[in-house]
Colleague: 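Let me give you the structure first, and then I'll get to my questions.
Throughout, a chain's letter reflects where its sequence line sits, starting with A, and its residues are numbered from 1.
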Amino acid sequence: MLQLSIIKEDPQQVIDLLRIKNFDARELVEEIISIDKHRRETQKKLDEGLAEANNIAREIGVMFKEGRGREAEALKQRSAVLKKETQELGTVLEEAVAALEEKLVMLPNLPHPSVPAGKGAEDNELAESGDFTVDLTEGALPHWDLAKKYDIIDFDLGAKVTGAGFPFYKGKGARLQRALINFFLDEAIGAGYVEYQPPLFVNEDSAFGTGQLPDKDGQMYLIGEDRLYAIPTAEVPVTNIYRDMILRREDLPVRNVAYSSCFRREAGSYGKDVRGLNRLHQFDKVEIVHISHPDRSYDALEDMRRYVTTLLVKLGLPYRVLKLCGGDLSFTSALTYDFEVYSAAQQRWLEVSSVSNFEAFQSNRMKLRFRDEDGKTRLAHTLNGSALALPRIVAALLENNQNSRGIAIPEALRSYTGFDLIS
RNA sequence: GGAGAGAUGGCCGAGUGGUCUAAGGCGCACGCCUGGAGAGCGUGUAUGCGCCAAAAGCGCAUCAUGGGUUCGAAUCCCAUUCUCUCCGCCA
């Protein structure tokens, strides 16, 4: 949620910046400013009414104490009128606050000035390209065929037991999953991250805090009976740890890592994008979350980018890094790097990680603050990134490492898998 | 799931209808004292919103959350959430 103060200070700049995200904010900005004016006027009237009522109550107290209880009648009547007025004003204020928030949450985060303009994926800027040549093996198979050939992932079984997009991993496939999770966690811990194992379900406040609600309602699985949401990413619980908190300066930066299963309904997806491991309803991911001083959040973003790069290098995967253009940037993000690995057999790039700086957008919703040197509270900046998401890494490993004998396990993973070949 | 007890500031903890503008203590910050430190003494120490160009200041709200009773609620009533104890169930 954008800070009201930013909108009020320079509405035109907000409109101009959101245009980079292909978002026409003119109407919303105008409405927000006018609702806010109404809100403040109402608050002022209400406060005055309450102040008078407080004074009357105090006076009546004094009268009773001095045995002049009968004189209080007139004041009681005035108080009754005030009560009615303040109750009405309270309702008006509540409605104004709700209306304001309803409009505010509709505005996407402002893009960082360096974000290139553009409509979609084709306009993303190549930030970095790994130093790899991709050799297309003759007769290379896509991972869904390899999964079947080596009997390591069973999509049909998942469909039988649960539904499409809920595969079983089996034998060396299951072991590979476990190896990757441990590898990613150990790497993160080695880089100084603190490991968390979060709940897989969150309440409504948490889903709102990181921006899944109201924008992505319908993309999450909801346990209706208990009003809990299955997490679409560990970002949600791990960032919400800090909801409604004022951190001390020395608590920053926060650098957390968490492994979790992730659950996504993926309503509206179709075609080649959902084949095999490309898009699942349940998948595993190791997520890194930073909470940073606003002055240093872009340094943190670059740190995260370097860190994710080292993982891909260690796994020997052909990768590239894209800086997302305005049109491809998510609702909540100010700047995002996407990491893609090349899938030789599918002959396409697969997104395996997305590293973003949300600046104060999530913090403002969550009331995540810290105390600055001057003693004032300020909103912290939040960032997160996948490090990494398993399915597409597995897909890329299977496809890129296949040879006549089987699928070679990268050196870095062998101590985790306990085998060096899937055959 | 059943029964009971509870939730007060950064922390502990007092507070059963009006002066609560929340006692007291701890912690923290600053000052005095000291050769220095400690002890001691003094002062200060929440968050959000509004008024104000801003600061100062003032007002409003907040004693788990949401309602209610009352001229007036931390205090009384109702609901919810969470914590603890006992019982039941259970990996």
Side-chain angles (χ1 to χ4, degrees), chain A residues 1-11 32-105 197-209 223-229 237 240-252 254 360 362-380:
Chain A
M1 188 162 71
L2 281 183
Q3 289 159 267
L4 183 60
S5 55
I6 290 176
I7 299 167
K8 277 161 72 177
E9 241 161 64
D10 195 345
I32 284 166
I33 289 173
S34 110
I35 294 171
D36 177 59
K37 186 160 174 264
H38 176 228
R39 182 196 117 244
R40 282 183 290 117
E41 286 164 357
T42 310
Q43 171 106 50
K44 195 181 166 193
K45 275 191 247 169
L46 175 62
D47 284 356
E48 284 165 1
L50 289 170
E52 191 183 341
N54 285 343
N55 285 329
I56 288 175
R58 216 166 293 146
E59 272 181 64
I60 291 176
V62 172
M63 284 177 178
F64 272 101
K65 187 157 288 175
E66 297 175 353
R68 298 186 286 130
R70 242 175 258 171
E71 293 171 39
E73 272 320 304
L75 287 179
K76 281 192 186 182
Q77 275 171 30
R78 172 63 185 150
S79 186
V81 172
L82 278 174
K83 182 162 188 175
K84 191 156 179 287
E85 280 175 11
T86 51
Q87 264 174 354
E88 279 163 13
L89 281 170
T91 308
V92 173
L93 181 64
E94 241 170 68
E95 282 166 5
V97 168
L100 186 62
E101 177 163 302
E102 189 190 313
K103 297 292 177 190
L104 272 175
V105 298
Q197 205 171 99
L200 300 181
F201 302 94
V202 294
N203 59 29
E204 211 173 314
D205 286 345
S206 296
F208 181 80
I223 317 267
E225 201 174 350
D226 298 298
R227 297 179 61 88
L228 294 175
Y229 292 89
N240 272 286
I241 292 170
Y242 305 95
R243 174 154 50 80
D244 282 321
M245 274 180 78
I246 300 174
L247 297 171
R248 294 170 304 177
R249 247 180 90 79
E250 57 266 33
D251 293 332
L252 299 179
V254 168
Q362 290 180 330
S363 299
N364 190 36
R365 284 191 179 200
M366 277 193 285
K367 306 288 173 267
L368 194 185
R369 291 153 296 169
F370 71 100
R371 204 173 295 283
D372 209 349
E373 266 163 343
D374 56 7
K376 291 243 168 78
T377 57
R378 291 177 67 185
L379 292 171

Colleague: Would you indicate, yes or no, if B:G10 has its OP1 or OP2 atom less than 4.0 angstrom from a side-chain nitrogen or oxygen of A:Arg248?
Modeller: no
Colleague: Nearest to the side chain of A:Leu50, which nucleotide is it out of B:G18, B:C49, B:A61?
Modeller: B:A61
Colleague: Is any side-chain nitrogen or oxygen of A:Lys83 closer than 4.0 Å to OP1 or OP2 of B:G72?
Modeller: yes
Colleague: Specify the separation, in whole Å, of atom CG of A:Asp205 and atom C1' of B:G66.
Modeller: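 After rounding, the gap between these two atoms is 13 Å.
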Colleague: Figure out the CD/C1' separation between A:Glu94 and B:A61, and round it to whole Å.
Modeller: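 Taking CD of A:Glu94 and C1' of B:A61, I get 13 Å after rounding.
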Colleague: Taking the P atom in each of B:G24 and B:U75, what is the distance between them to the nearest angstrom?
Modeller: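 It comes out at 22 Å once rounded to the nearest Å.
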Colleague: Tell me whether the OP1 or OP2 atom of B:C51 has a side-chain N or O from A:Arg40 closer than 4.0 Å.
Modeller: yes
Colleague: Which nucleotide, if any, forms a Watson-Crick or G-U wobble pair with B:U43, using both distances under 3.5 Å?
Modeller: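 Answer to the pairing question: B:A29, which forms a Watson-Crick or G-U pair with B:U43.
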Colleague: What is the distance, to the nearest angstrom, from the CD atom on A:Glu52 to the P atom on B:C51?
Modeller: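 That distance rounds to 20 Å.
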Colleague: Find the partner of B:C82: check Watson-Crick (N1-N3 plus N6-O4 or O6-N4) and G-U wobble (N1-O2, O6-N3) distances, both under 3.5 Å, and reply none if neither fits.
Modeller: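 Matched B:C82 with B:G6 under the 3.5 Å cut-off.
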Colleague: Name the closest nucleotide to the A:Phe64 side chain, picking from B:U47, B:C71, B:C60.
Modeller: B:C71
Colleague: What nucleotide among B:G50, B:G72, B:G67 has an atom nearest to a side-chain atom of A:Arg39?
Modeller: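 It is B:G50.
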Colleague: When the P atoms of B:A39 and B:C26 are considered, how many whole Å apart are they?
Modeller: 11 Å
Colleague: Which is more 5' along RNA chain B, the nucleotide nearest A:Ile56 or the one nearest A:Gly61? Just name the residue.
Modeller: A:Gly61
Colleague: With respect to the side chain of A:Lys76, which nucleotide from B:C71, B:G50, B:U47 is positioned closest?
Modeller: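 So the side chain of A:Lys76 is nearest to B:C71.
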Colleague: Both distances below 3.5 Å, Watson-Crick or wobble geometry, any strand: find the nucleotide opposite B:U16.
Modeller: none
Colleague: Take the protein atom CG of A:Asp47 and the nucleotide atom P of B:G50, then report the distance between them rounded to whole Å.
Modeller: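 In whole Å, B:G50 P and A:Asp47 CG are 10 Å from each other.
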Colleague: Given B:G18, B:G67, B:C60, which nucleotide is nearest the side-chain atoms of A:Asn54?
Modeller: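 Nearest to the side-chain atoms of A:Asn54, counting from C-beta on, is B:C60.
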Colleague: Counting the atoms with a prime plus P, OP1 and OP2 as sugar-phosphate, which does A:Arg369 contact under 4.0 Å by heavy atoms, base, sugar-phosphate, or nothing?
Modeller: sugar-phosphate
Colleague: Can we say A:Lys37 and A:Glu41 salt-bridge, meaning some charged N sits less than 4.0 Å from an Asp/Glu carboxylate O?
Modeller: yes
Colleague: Taking the same atom, P, in B:A74 and in B:G67, what whole-Å distance lies between them?
Modeller: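 Taking atom P in both B:A74 and B:G67, they lie 15 Å apart.
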Colleague: Are the charged groups of A:Arg248 and A:Asp251 less than 4.0 angstrom apart, N to O?
Modeller: yes
Colleague: Would you mind pulling out the nucleotide paired to B:A74, Watson-Crick or G-U wobble, both distances under 3.5 Å?
Modeller: none
Colleague: State which of B:G59, B:C71, B:G48 makes the closest approach to the side chain of A:Thr377.
Modeller: B:G48
Colleague: If we take the P atom in both B:G44 and B:C49, what is their distance in whole Å?
Modeller: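 Comparing P positions in B:G44 and B:C49 gives a spacing of 26 Å.
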Colleague: Looking only at atom P, what distance separates B:U83 and B:C28, rounded to whole Å?
Modeller: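 Each nucleotide's P atom is 31 Å from the other's.
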Colleague: Can you measure from CG (A:Asn364) to CD (A:Gln3) and round to the nearest 0.5 angstrom?
Modeller: 5.0 Å
Colleague: Between A:Glu250 (CD) and B:G10 (P), how many Å, whole number?
Modeller: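 For the pair A:Glu250 CD and B:G10 P, the rounded distance is 16 Å.
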Colleague: Taking atom P of B:A61 as reference, at what distance in whole Å does atom CG of A:Leu89 sit?
Modeller: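 My rounded result for the distance is 14 Å.
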Colleague: Which is true for A:Ile246 with a 4.0 Å heavy-atom rule: it touches a base, it touches only sugar-phosphate, or it touches nothing?
Modeller: sugar-phosphate
Colleague: Just compare B:C60, B:C71, B:G50 and give me whichever is closest to any side-chain atom of A:Ser79.
Modeller: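 Output: B:C71.
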Colleague: Which nucleotide, if any, forms a Watson-Crick or G-U wobble pair with B:G36, using both distances under 3.5 Å?
Modeller: none
Colleague: Are A:Arg78 and A:Glu52 ion-paired here, with the side-chain N under 4.0 Å from a carboxylate O?
Modeller: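 Looking at A:Glu52 together with A:Arg78, the answer is yes, because their closest N to O distance falls below 4.0 Å.
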Colleague: If you find the nucleotide of RNA chain B closest to A:Arg58 and the one closest to A:Lys44, which residue's nucleotide is nearer the 5' end?
Modeller: A:Arg58
Colleague: Once you round it to whole Å, what is the distance between C1' of B:U45 and CZ of A:Arg371?
Modeller: 10 Å
Colleague: Work out how far the C1' atom of B:G9 is from that of B:A46, and round it to whole angstrom.
Modeller: 6 Å
Colleague: If you measure from the C1' atom in B:C11 to the same atom in B:C32, how many Å do you get, rounded?
Modeller: 27 Å
Colleague: Sticking with atom C1', work out how far B:C41 lies from B:C60, rounded to a whole angstrom.
Modeller: 37 Å
Colleague: Can you tell me if NZ on A:Lys84 sees more than 12 non-hydrogen neighbours from other groups inside 6.0 Å?
Modeller: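 No - once you tally the heavy atoms of other residues, nucleotides and ligands closer than 6.0 Å, there are 12 at most.
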Colleague: Taking A:Ser206 for the side chain and A:Pro237 for the main chain, is one N or O donor matched with an acceptor at less than 3.5 Å?
Modeller: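 No, the answer is negative, given that no donor and acceptor are paired below the 3.5 Å cut-off.
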Colleague: Taking the side chain from A:Arg371 and the backbone from A:Ile246, do they hold a donor-acceptor pair closer than 3.5 Å?
Modeller: no
Colleague: Got A:Glu101 and A:Met1 here, is their nearest side-chain heavy-atom distance under 4.5 Å?
Modeller: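 Yes; the side chains approach each other to less than 4.5 Å.
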Colleague: Under a 3.5 Å limit for both distances, which nucleotide forms a Watson-Crick or G-U wobble pair with B:A53, could you say?
Modeller: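 Checking every strand shown, B:A53 finds no partner, since no pair has both distances under 3.5 Å.
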Colleague: Find the distance A:Ile60:CD1 to B:G17:P and express it as a whole number of Å.
Modeller: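 Between P of B:G17 and CD1 of A:Ile60: 18 Å.
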